Every structure is written in structure tokens, then in C-alpha cells.
Amino acid sequence: MKERFYQRDVISILEFERSELEYLFEITDKFLNYIDRKLHLLDGKIIALAFFEPSTRTRLSFEVAAKKLGADVISFAGEEALSISKGENLTDTIKMLDNYSDLIVIRHRLEGAAKYAAEIAEKPIINAGDGKQHHPTQAMIDLYTIKKLFGAIDGLTYGVLGDLRYGRAITSFIYGISLFRPKKVYLISPEALRVREEVLELLRNKNIVYEEKYNVEEVIDQLDVLYVTRIQKERFPDPMEYEKVRGSYRVTYELLKHGKKELKVLHPLPKVDEIDHGVDVSTYAAYYIQAKYGVPIRMSLLTLILGAKL
Ligand code: NCD
């Protein structure tokens, strides 16, 4: 199984088989036991973090993961920070990083940017988010979190609530659960932010039972997992369209009390106003532990891709 990860590009969660993800989760369990120690599995390696778009958790957790493994990190954040602002194109930036590093993590506002980088670079590329399309490592973290909380990903009823149209984390999460056997998936969003047809088509092809809804209240009592995301303001072609849907859904403690006692709320973060603060301190909130798992998941992935001896 290890060899399947070696020097592999990670562009979409859909490139993975269930068994590969399960293997990744096994390795992640091992790393969890050593999370407070500095390891030397990637001594001498250089990881490039190319973040053309803002990020907090994803960039920091890749950096922490790399450093805990003994690798060095070179990074930039934001196009202003480098020669892009002088007009350098993506191709040249990637070629340069390909020369300087052993693996490149890239985030970009354009769909397909990571795939394009993978075509140019000889070194492996990890997609840390491309436009509204994919965010595969976030989906790995989300699935791992569910496995840790419920013992299994199969057989659960999922509600995904939010910006299903422009959100890459929520799209990758839906793709991720489609590799397993969920009992049912409720796709909940305001009309204007409905899930894209290509995602529905994939669910149909994989025989996943799903239903679209406008209100979370209608289904809250059936859910095991409620995955929430913010409205992706920056991806709206027209700011007026954003104003129309702004604040159109909100998860409160009162709402969750109508759900199962074991219900867990996930969120890739950052959250804006879609989750009430009262939820943060409740037993429903799983998003802080989810964020914490970002480090061991990324440690496993880096180790496997770079072929370190485990
Ligand atoms: C997400 C992203 O950038 O797509 N954040 C993250 O990586 N945890 C979600 C978001 O920005 O809403």
C-alpha cells in the first residue's frame, strides 16, 4: 500500500480508493502517538508552501507537520509577496519551486491550478485548494475526524449545510463520503447556493442516497453529522448576489437540541457567523478537534509521498 503514495500528486480526493484512505488513517493513528515529539523522518527534505490565496490552518498545519518530521519549509503567502506582483506567471513560479524543493503544496484561486502545476513540476504537488473545486487534504481530515468520533464513516446520516455552490471544502467532503457507504446525505443550502450538477451526477453514479433541502430544521433530528461551511464571499462574481444570501442560515444550540444527542458539528473553519458561539462550548462542536487532526493527517501524507521509512 505504501508504494501507492510514493511521489504521488494529490489533486482531488476522488483519485483515492477507500482502502488507500484507510491506510492513511492507520498511519495517522500512529503519528498521533508521537505528536509531541520531533521526528527525523524527513531530515534534509525541503517542502515548498505556495499559497497564492489566503490561508491560516492549512498553511500552518502543513508547516507544523513538515517541521515535526524534520523537513525544512520555504513558503510565501499572497501574490503580493513575490514576483507574481512583478508579472511572473504561474509556470515560472512552479518551475522555480520544483528546482528548490522536494514537494510543493499549492493553493490558488483558480480551478485547475494544482493540476496544471502537477503537469509542469517533476516533484509531487499537493493541492491545498483550487478555487471552488478541490481541497483533498481537508476532506481527509474530515473523514478521519468522523472515523475517530463514530468509529466508522459508513452507515451515518450526513447533513452538509452551506455554500454548496462555491465551497471547495464542502464539495471535497461530499466527494470524500461518496467513497464510503453513508446511509443518506442531505444537501442543505439556500436556493442560490445549491450543489453543482457535476457533484449530483457523481453521487448518482455512485448510488449514494441524497436529498436536497433548503432548511436544516427539517432534517436535524435525523443527522449524525452536520458539516457546515461559511458562504464563500470572495468567489461570488457579483457582490449583490452575496448580499442576497448573506446570513441566510445559522446553526444555534437551540437547533441542535432537536437533534440526536450524539450529533457532531464539523466545520473546516474559518467560520464567520453561521455557527452561534453557544455551540462552540457544547458537546456538539467537533471543529476544534477536526482542526487539530490537520497536523497528523498531513504528517502521514508527507511521509508517505516522500517515501520516508516508517
Ligand atoms: C477552507 C478553504 O480554504 O477552502 N478552509 C480551510 O482550508 N480550512 C474553507 C473556507 O475557506 O471556507
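Indexing begins at 1, ligand by ligand and atom by atom, following the structure's order. Owing to the predicted nature of the structure, the values given are computational and were not obtained by experimental measurement.
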Residues with a heavy atom under 4.0 Å from ligand 1, by chain and number, are Thr58, Arg107, His135, Gln138, Arg168, Arg230, Gln232, Pro268, Leu269, Pro270
Contacts satisfying side chain to side chain donor-acceptor pair (under 3.5 Å) that involve residues 160-181 (not counting sequence neighbours) are Glu53-Arg168
- Task: Just say parallel, tilted or perpendicular for the rings of Tyr23 and Phe5, cut-offs at 30° and 60°.
- Result: tilted
His267 meets the ring pair (Phe, Tyr, Trp, His ring centres under 6.0 Å) criterion, sequence neighbours left out, with none
Residues passing the side chain to side chain donor-acceptor pair (under 3.5 Å) test with Glu15, sequence neighbours excluded, are none
Task: Side-chain heavy atoms of Gln133 within contact of Asn127, under 4.5 Å - done: no
(request) For the residue pair Tyr186 and Gln222, confirm or rule out a side-chain donor-acceptor distance under 3.5 Å. (result) yes
